[in-house]
Amino acid sequence: RRSLAAAKLPDVAPLPALPAAPPAGEAALVACFAAELAAVGGEFVAPESDAAARQVVVDLVREAGGGPILTWTEDELALPGLGEALGAVGVVREGAHLPVAAEARRVAAQALDRPLVGITGALAGLADTGSIVLLSGPGRPAVTSLAPPLHIALLSRQAIVPDLRAFLATRDPRDLTAWRNLVFITGPSRTADIEMILTRGVHGPARLVVVAI
């Protein structure tokens, strides 16, 4: 207390102004999102058709070892025919349901160490930070975007909004309590120790690829 009474605090510089909002329009939002995602170590692919998008996903899975993979259910991915395309090249899709019983849950959790790729949809993309928004629930297990080393997120171009404020403005506040697990993902998982050595993939995927559909 005596020290605080005589303390001389250093001068504090004013906080920098907030960055300008991303430009309006779908093309501008997509370009801004892609640039911000790249800045945080993510990858952005914008195929010209659903068929091209399916091929991008198949190629990424093959590049990662061919499976097994974890995915959301087909109706939650919003890319028709993806399951068929993956099955045609022999990719095995595993479920991510964890039983309630302790022993069965332990066995199922250990099995989730095997999949090399997780494929999810995305509720929205935030252009100003390159973040994707995921909402877990039936058919959308959270572990799909957390456990595998490679996370592929399918994001509708129309779902890219300028920022968090714009995203929340499109949501009914009454729905907030119904959301089981709402996650904002900004780039691959990364952590650093006291020596400031950056490591990716410790607490989640080391690689994030967002595929625009």
By salt bridge (Lys or Arg N to Asp or Glu O under 4.0 Å), R54 pairs with (sequence neighbours left out) none
The reported gap from CG in L198 to OG1 in T191 (rounded to nearest 0.5 angstrom) is 8.0 Å
Side chains of residues 99-112: which donor-acceptor pairs under 3.5 Å do they make with residues two or more places apart or in other chains?
from	atom 1	to	atom 2	distance (Å)
E103	OE1	R106	NE	3.3
E103	OE2	R106	NH2	2.5
R105	NH1	L98	O	3.4
R105	NH1	P99	O	3.0
R106	NH1	Q110	OE1	3.3

Report task. Would you please name every residue forming a side chain to side chain contact (heavy atoms under 4.5 Å, CB included) with A53, sequence neighbours left out? Result ->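 Testing A53 for side chain to side chain contact (heavy atoms under 4.5 Å, CB included), a comparison that skips the adjacent residues, returns P47, L79, V211, I213.
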E36 meets the side chain to side chain contact (heavy atoms under 4.5 Å, CB included) criterion, sequence neighbours left out, with C32
Might you point out which heavy atoms bring [X] and [Y] nearest each other, and give the distance in Å?
X: V117; Y: A64; answer: CG2-CB, 3.6 Å
X: W72; Y: R93; answer: O-NH2, 3.6 Å
X: V202; Y: T199; answer: CG2-CG2, 3.6 Å

query: Any side-chain heavy atom of V58 within less than 4.5 Å of one from Q55?
result: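 The answer is yes; the side chains approach within 4.5 Å.
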Q. Under 4.5 Å between any side-chain heavy atoms of I152 and L150, yes or no?
A. yes
Does atom CD (E48) have a neighbourhood of more than 12 heavy atoms from anything else shown, all under 6.0 Å?
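Counting other residues, nucleotides and ligands, CD of E48 stays at 12 neighbours or fewer.
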Q) Is the number of heavy atoms from other residues, nucleotides or ligands under 6.0 Å of R157 CZ greater than 12? A) yes
Taken in chain and number order and not counting sequence neighbours, the residues that satisfy side chain to side chain donor-acceptor pair (under 3.5 Å) with R207 are E43, E63
Donor-acceptor list for residues 119-137 side chains, cut-off 3.5 Å, not counting sequence neighbours:
from	atom 1	to	atom 2	distance (Å)
T120	OG1	H151	NE2	2.8
T129	OG1	S131	OG	2.7
S131	OG	T186	OG1	2.5
S136	OG	N181	O	3.4

